[in-house]
There are 2 protein chains.
Amino acid sequence: MTERAITASGATRLRIKSAALDLYAAKGLDGVTIRSLTEHANANMAAINYHFGSKDQLTFEIFRDIARKSAQARIAMLDELQAECAAAERTPKIREIIETFVAPYLDENDPRSGVLLAQLIMKHRAGPNAWTEAVVREELDGMALRYIGLLLEAAPHLTSKAVHWRYHLMVGGIVLALSDSASSNRLERLSGKAMAPQDIASKRREIVDFLVAGFGGD
Amino acid sequence: MTERAITASGATRLRIKSAALDLYAAKGLDGVTIRSLTEHANANMAAINYHFGSKDQLTFEIFRDIARKSAQARIAMLDELQAECAAAERTPKIREIIETFVAPYLDENDPRSGVLLAQLIMKHRAGPNAWTEAVVREELDGMALRYIGLLLEAAPHLTSKAVHWRYHLMVGGIVLALSDSASSNRLERLSGKAMAPQDIASKRREIVDFLVAGFGGD
DNA sequence: TTGGAAATGAAACACCTGTTTGAAACGGCT
DNA sequence: AGCCGTTTCAAACAGGTGTTTCATTTCCAA
């Protein structure tokens with residue numbers, strides 16, 4: 001009884017989700033209306049409420065998935081890193097930790113996710129919400145605590161308070177750096193067009209180098 | 001002919017501006033309606049269009065003033081710093097430069113301005129606007145270039161590209177750290193209530209220390 | 001083939017936004 | 001006092017938002 005429902009409804013459901021990812025990445029969290037959304041998805045307005053219950057619920061699902069995917073990717077990388085370190089009887093280095101943290105924001109194969117992740121966090125800061133709160137608490141907080149613990153080990157010269165602060169400063173730096181290339185491109189403007197913002201590899205290098213230095217070296 | 005107009009209109013004009021500062025700082029850029037605004041200002045809805053032309057124009061004036069004030073404060077501090085350094089025949093240190101940059105965000109006498117400044121920048125990144133663009137370009141870009149130049153001198157081990165990047169990462173870190181204490185208080189939650197977010201002095205110290213380290217030491 | 005649930009579509013709905021209107025009240029000046 | 005430009009006020013307005021309605025179509029199973 002549910003099988004046909006799944007396959008049949010799956011079509012427009014997926015079309016809507018896909019269009020939502022595109023539009024949110026392009027126009028930002030406040031620039032997408034239900035009308036523009038259904039137009040890009042070749043669907044009817046009512047389809048959103050029919051398939052998702054409400055626009056808020058759709059948005060929640062979208063960003064919960066993005067956040068969960070990024071958290072899982074980081075957890076996998078951290079597991080691998082810690083296994084490696086356990087074998088070599090050493091603790092992870094600051095640079096290694098930070099590289100796993102930055103990775104989901106700068107995935108060459110999926111640049112959209114990094115932008116969306118940044119938008120989620122900015123939205124949660126600029127005007128928190130029932131669903132931003134839920135996404136951050138349920139998908140991101142645990143991962144953040146793991147990073148803070150690891151960084152605390154890797155940077156024994158820093159107090160716990162300092163590591164907490166620097167974790168948050170790190171997130172902020174990444175998020176706003178990401179959003180810059182996504183919209184206003186202030187970095188390119190101020191540097192006199194000398195910067196190539198599309199070069200993800202060098203972008204990652206600059207960001208990681210700064211953050212590693214911020215935590216007190218490699 | 002203008003005198004009485006100025007004094008008479010000045011009253012509600014100022015009341016509206018003051019209420020706007022309060023509400024924008026408390027509710028964020030997207031949480032203030034013309035109705036809540038005039039209610040808090042004991043004014044009529046039409047007063048906003050009568051005195052400011054439009055809600056957008058009012059918002060523009062508010063944030064242009066905030067941005068201008070912060071830029072002027074920083075310019076004054078930089079002038080003093082550079083005069084001091086010229087007398088001592090040395091160049092400004094990274095820490096000295098960054099302390100002037102952070103200062104307007106963490107003014108004990110006016111904590112509202114820091115929050116508003118952070119909101120302006122987040123809004124400009126999350127969803128740029130005609131007036132955010134104008135404020136950033138006209139009030140902030142020149143100051144940013146001066147900082148980048150100074151930091152380039154103070155951190156000769158960094159390339160120009162690196163300094164540009166780190167300047168933007170610095171802004172991002174400050175802005176999101178500021179917005180955290182303003183709304184979601186994630187730092188306090190994750191640290192198990194061990195952090196005292198109201199202690200501005202130690203907050204400034206943590207931020208500056210991280211940024212100084214990020215630029216490669218003192 | 002046919003019955004009935006699932007899905008779609010066009011239109012209307014209710015709500016909230018910023019803006020405008022036109023009349024009333026105010027306040028200084030002659 | 002009487003005038004007139006300035007300012008205030010309540011109400012209505014226009015535009016956009018998400019949601020709902022209900023008739024229609026689609027599609028699978030009996």
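Chain letters run A, B, ... following the sequence lines, proteins first, then strands; residues in each count from 1.
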Rounded to whole Å, the CG-P distance (Leu37(B) to dT17(C)) equals 12 Å
query = Would Glu138(A) and Arg64(A) pass as an ion pair if we require N to O under 4.0 Å?
reply = no
note: Asn129(B), atom CG; dG18(C), atom P; distance rounded to Å ~ 13 Å
* Verify whether one side chain among Gln119(B) and Arg125(A) offers a donor that lies under 3.5 Å from an acceptor in the other. => no
Separation of dT26(D) atom P from Tyr50(A) atom OH, nearest Å, is 15 Å
* Is a donor-acceptor pair below 3.5 Å formed from side chain Asn44(B) to base dA10(D), judging by atom type as modelled? -> yes
On DNA chain C, more 5' by nearest nucleotide between Arg15(A) and Asn49(B) is Arg15(A)
Note: for Thr33(A) and Gly53(A) on DNA chain D, the residue whose nearest nucleotide lies more 5' is Thr33(A)
Between CZ of Arg13(A) and P of dT8(C) the distance, given in whole Å, is 12 Å
Check your understanding: Are Glu133(B) and Arg137(B) within salt-bridge range, i.e. N to O under 4.0 Å?
Key -> yes
Pair Ser70(B)-Tyr105(B), side-chain donor/acceptor within less than 3.5 Å = no
> Does any N or O donor sit under 3.5 Å from an N or O acceptor when you compare the side chain of Arg35(A) with the base of dG16(D)?
Replying inline: no
Taken to the nearest whole Å, NE2/His51(A) to P/dA6(C) is 12 Å
Exercise. Below 4.0 angstrom from OP1 or OP2 of dG18(D), is there any side-chain N or O of Ser54(A)?
Worked result: no
Gln57(B) atom CD is separated from dT20(C) atom P, nearest whole Å, by 13 Å
Whole-Å distance, Glu39(B) CD to dC9(D) P, equals 13 Å
Subject >> Sugar-phosphate only, base, or nothing, as touched by Ala47(A) at under 4.0 Å among non-hydrogen atoms >> reply: nothing
Ranking dA12(C), dA7(C), dT8(D) by distance to the side chain of Met45(A), first place goes to dA12(C)
Note to self: Using salt bridge (Lys or Arg N to Asp or Glu O under 4.0 Å), reason through Lys17(A) and Asp22(A) one step at a time and then give a plain yes or no.
What the structure shows: CA-CA 9 Å; Lys17(A) 269 196 160 186; Asp22(A) 284 340; over 6 Å; no
Rounded to whole Å, the CZ-P distance (Phe52(B) to dT19(C)) equals 13 Å
